Amino acid sequence: MAHLYDLIIIGSGPAGLGAAIYAQRARLDTLVIEKAMVSGGQVLTTYEVDNYPGLPGISGYDLGLKLREHADKLGAQFAEDEVERVEDGGPGAPKRVICAGETYEARALILATGAVHRKLGIPGEEELAGMGVSYCATCDGAFFRNKTAAVIGGGDVAVEDAIFLARMCSKVYLIHRRDALRAAKSLQESLMALDNVEILWDSVAESIEGSGQVERLQISNVKTGEKRKLELQGVFIAVGITPESRAFEGLAEMDHGYIKAGEDGITSAPGIFAAGDVRTKQLRQIITAAADGANAVTSAERYLTEH
Ligand code: NAP
């Protein structure tokens with residue numbers, strides 16, 4: 001029979017690591033299951049983080065490592081495995097986490113699996129992925145030195161990506177479907193100050209073309225209907241995120257794939273808590289993810305005491 005942990009935390013981004021730190025302090029017998037041995041989640045691919053208190057301008061990768069080091073220092077236990085599904089025995093009963101490698105059991109669970117990049121779903125996107133189409137500017141930007149690239153989207157990630165790419169690309173187009181950006185005002189100010197970035201407002205990408213590698217992007221203006229073909233080598237897609245919750249279908253109530261939970265992390269399933277980007281919430285940031293981890297452990301502790 002598998003060892004019965006007090007708590008299993010699934011995911012090792014800021015929410016999962018925040019929870020791991022609080023669980024160690026609460027002396028709960030805890031296991032963190034992470035998909036890859038490099039902790040940090042989406043943070044790892046963020047070039048620069050300028051809004052985490054006390055660490056202005058830290059690289060996302062360094063912040064991910066720091067969070068992991070902190071959990072390690074407190075003695076958190078990690079397993080590298082991919083969760084396939086969860087079986088819930090009900091209130092007070094063990095919860096079984098069935099992974100690709102092993103099955104683990106705990107009295108309580110914190111789901112902190114975060115989110116992944118959303119796809120655009122246009123012709124050429126899938127065919128040319130990795131051949132000029134990318135979802136991660138910090139990972140792939142260096143391939144486009146002195147070349148032309150486009151970023152699609154108008155949120156924090158799209159604007160951050162455009163700023164990052166402008167340092168190495170000769171020209172960057174930012175293609176946004178509306179006439180106003182969603183990104184933080186400070187990011188917008190940095191973007192507007194760059195003279196090799198051109199913003200194409202009210203524009204949507206229709207197809208990505210090229211034989212073996214990206215050569216052109218077909219766009220269309222949603223107000224005028226005007227179509228235009230941009231000659232370029234890179235297309236960075238930053239149109240939002242989608243929650244990583246497939247393994248939890250049927251386990252707890254969800255809303256558009258996000259696990260329904262308040263700030264306390266309490267879901268519709270007793271003993272199962274949600275933290276970070278995977279839960280329904282207003283503000284998805286590193287600071288709110290880390291705070292979610294702390295709150296979810298506090299709720300889990302209360303549940304474990306009661307059961
Ligand atoms: P986001 O804030 O949801 O923005 C997605 C952008 O893509 C929006 O501008 C949206 O347009 C556009 N979009 C969505 N679907 C589209 C489609 N089919 N075609 C064209 N455009 C489309 O997503 P994100 O930028 O990936 O950020 C994800 C979360 O992480 C957000 O909560 C963000 O605040 C957070 N984040 C925080 C930081 C930070 O704190 N430093 C950094 C990065 C990200 P509309 O504006 O018209 O909806």
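Start at 1 and go down the list; that is how both ligands and their atoms are numbered. What you see is a predicted model, and the numbers here were worked out from it, not measured in a lab.
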Check: of Val239, Asp179, Thr46, Ile237, min heavy-atom distance to atom 22 (C) of ligand 1 comes from Val239
Starting from [atom], locate the nearest protein heavy atom and write down its residue, its atom name and how far away it is, to 0.1 Å.
| atom | result |
| --- | --- |
| atom 36 (N) of ligand 1 | Asp156 OD2, 3.7 Å |
| atom 23 (O) of ligand 1 | Gly240 CA, 3.3 Å |
| atom 10 (C) of ligand 1 | Arg177 NH2, 3.7 Å |
| atom 37 (C) of ligand 1 | Gln285 NE2, 3.1 Å |
| atom 48 (O) of ligand 1 | Arg182 NH2, 2.6 Å |

Taking the side chain from Glu215 and the backbone from Glu209, do they hold a donor-acceptor pair closer than 3.5 Å?
no
| Between the main-chain N or O of Leu251 and the side-chain N or O of Asp88, is there a donor-acceptor pair closer than 3.5 Å? | no
Proximity to ligand 1 by part of [X], non-hydrogen separation under 4.0 Å:
| X | value |
| --- | --- |
| Arg284 | both |
| Gln42 | neither |
| Ala238 | backbone |
| Asn51 | side chain |
| Leu120 | side chain |
| His117 | neither |

N/O to N/O below 3.5 Å, does that happen between Val157 and ligand 1? yes
Between Gly153 and ligand 1, does any nitrogen or oxygen pair lie at a separation below 3.5 Å?
no
Exactly one of Glu105, Arg107, Gln77 clears side-chain hydrogen bond (donor to acceptor under 3.5 Å, both in side chains) with Tyr5, and that residue is Gln77
Please could you name the atoms of ligand 1 that [X] approaches to less than 4.0 Å, counting only its heavy atoms?
| X | answer |
| --- | --- |
| Gly154 | 6 (C), 7 (O), 8 (C), 9 (O) |
| Arg118 | 14 (C), 15 (N) |
| Glu160 | 41 (N), 42 (C), 43 (C) |
| Arg178 | 45 (P), 46 (O), 47 (O) |

Using a 6.0 Å cut-off, check whether atom [atom1] of [X] has over 12 heavy atoms from anything other than its own residue.
| X | atom1 | value |
| --- | --- | --- |
| Tyr22 | OH | no |
| Arg178 | CZ | yes |
| His3 | NE2 | yes |
| Glu263 | CD | no |
| Lys66 | NZ | no |

Closest heavy-atom pair, Lys223 versus Asp179, reported as atoms and distance to 0.1 Å, is NZ-OD2, 3.5 Å
Of Phe144, Phe164, Tyr135, the one forming a ring pair (Phe, Tyr, Trp, His ring centres under 6.0 Å) with Phe236 is Phe144
| task | Dump the intermediate steps for salt bridge (charged side-chain N to carboxylate O under 4.0 Å, His left out) on Glu87 and Arg85, then the final yes or no. | result | CA-CA 7 Å; Glu87 287 174 4; Arg85 63 178 204 281; 2.9 Å; yes
